[in-house]
Asks: 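Got a structure here, written out as structure tokens. Questions coming.
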Amino acid sequence: MTLNTMPGHLIRRLHQHSTQVFQQRMKAAGLDLTPVQFAAMGAVKDTPGIDQASIAAAIAYDRATIGGVIDRLISKGWVARNVSKRDRRAREVFLTDKGAQVFAEVLPLVAALQDDVLTGLSDAERAQFCALAQKVSDAFEAG
């Protein structure tokens, strides 16, 4: 087996390509937004008042570093974080009006860049790739 046939290596390279495409599109749109920040905003949009640990779980991100992601989104004015009334240890996160506007603006850009992430694949191959990637992800999460 050579390096270029190892799934882990290919996945790492594809991740680099995906991140590069995302960053180029955000820069072209005049936005300072990373893929992880976008995913966190999506989790907050889907579940207003979600706590930080649940955001990390929803986007498969490290609980120890999600606070820094949320801190950066707060500094941009895109999310707000409050102490939970139910559990004083938990922090609830909400999109601000500005954050909701930015997310609505970014969502079509992110949707449009998906074809470029899988450039060189036909529509059928893209669907097959996504189905297989989802299958592996589901199996990994199931343990």
Asks: Under a 4.5 Å cut-off applied to non-hydrogen side-chain atoms, are Arg13 and Asn4 in contact?
Replies: yes
Asks: Would you call Asp51-Arg91 a salt bridge at under 4.0 Å N-O?
Replies: no
Asks: To the nearest 0.5 Å, tell me how far Gln134 CD sits from Glu141 CD.
Replies: 7.5 Å
Asks: Is the ring pair Phe38/Phe22 parallel, tilted or perpendicular, if the boundaries are 30 and 60 degrees?
Replies: tilted
Asks: Compare all side-chain heavy atoms of Leu95 with those of Trp78 and state whether any distance is below 4.5 angstrom.
Replies: no
Asks: Quick check: is Val136 connected to Met6 through a chain of hydrophobic side chains (ILVMFWY, heavy atoms under 4.5 Å apart)?
Replies: no
Asks: Under 4.5 Å between side-chain heavy atoms, counting indirect links through other Ile/Leu/Val/Met/Phe/Trp/Tyr residues: same cluster for Val106 and Val117 or not?
Replies: yes
Asks: Please examine the side chains of Gln52 and Arg81, heavy atoms only from C-beta on, and report whether any two atoms are closer than 4.5 Å.
Replies: yes
Asks: Kindly compute the distance separating CD1 (Ile66) from CD1 (Ile59), expressed to the nearest 0.5 Å.
Replies: 4.0 Å
Asks: Main chain of Gln16, side chain of Thr19: is a donor-acceptor contact present, judged purely on distance under 3.5 Å?
Replies: no
Asks: Is it true that atom NE2 of His15 has more than 12 heavy atoms of other residues, nucleotides or ligands lying nearer than 6.0 Å?
Replies: no
Asks: Should Val93 and Ile74 be counted in the same cluster of Ile, Leu, Val, Met, Phe, Trp and Tyr side chains packed under 4.5 Å apart?
Replies: yes
Asks: Would you find more than 12 non-hydrogen atoms of other residues, nucleotides or ligands less than 6.0 Å from Arg63 atom CZ?
Replies: no
Asks: Do Arg126 and Asp123 sit within salt-bridge range, that is, some charged N less than 4.0 Å from a carboxylate O?
Replies: yes
Asks: Would the distance check show the side chain of His17 and the main-chain N or O of Leu118 forming a donor-acceptor pair, the cut-off being under 3.5 Å?
Replies: no
Asks: Check Arg86 with Glu92, please: is the shortest side-chain N to carboxylate O separation under 4.0 Å?
Replies: yes
Asks: If two hydrophobic side chains count as joined below 4.5 Å and joins carry through other members, does Phe129 share a cluster with Leu10?
Replies: no
Asks: Return the CG to CD distance between Asp32 and Gln37, rounded to the nearest 0.5 Å.
Replies: 6.5 Å
Asks: Provide the closest heavy-atom pair for Val79 versus Ile70 in the form atom of the first, atom of the second, distance.
Replies: CG2-O, 4.0 Å
Asks: Looking at side-chain heavy atoms only, is the closest gap between Val102 and Lys76 below 4.5 Å?
Replies: no
Asks: Take atom CG in Asp97; do more than 12 heavy atoms of anything else shown fall under 6.0 Å from it?
Replies: no
Asks: Rounded to the nearest 0.5 Å, how far apart are OG of Ser18 and CD1 of Ile11?
Replies: 12.5 Å
Asks: Does Val36 belong to the same Ile/Leu/Val/Met/Phe/Trp/Tyr cluster as Leu107, with side-chain heavy atoms less than 4.5 Å apart forming each link?
Replies: yes
Asks: Between the main-chain N or O of Glu125 and the side-chain N or O of Ser122, is there a donor-acceptor pair closer than 3.5 Å?
Replies: yes
Asks: Looking at CZ of Arg25 and CG of Leu33, how far apart are the two atoms once the value is rounded to the nearest 0.5 Å?
Replies: 14.5 Å
Asks: Please confirm whether the backbone N or O of Ala80 pairs with a side-chain atom of Thr96, one donor and one acceptor, at under 3.5 Å?
Replies: no
Asks: So do the side chains of Thr2 and Thr5 get within less than 4.5 Å of each other, counting heavy atoms only?
Replies: yes
Asks: Should we count NZ of Lys45 as having more than 12 external heavy atoms under 6.0 Å?
Replies: no
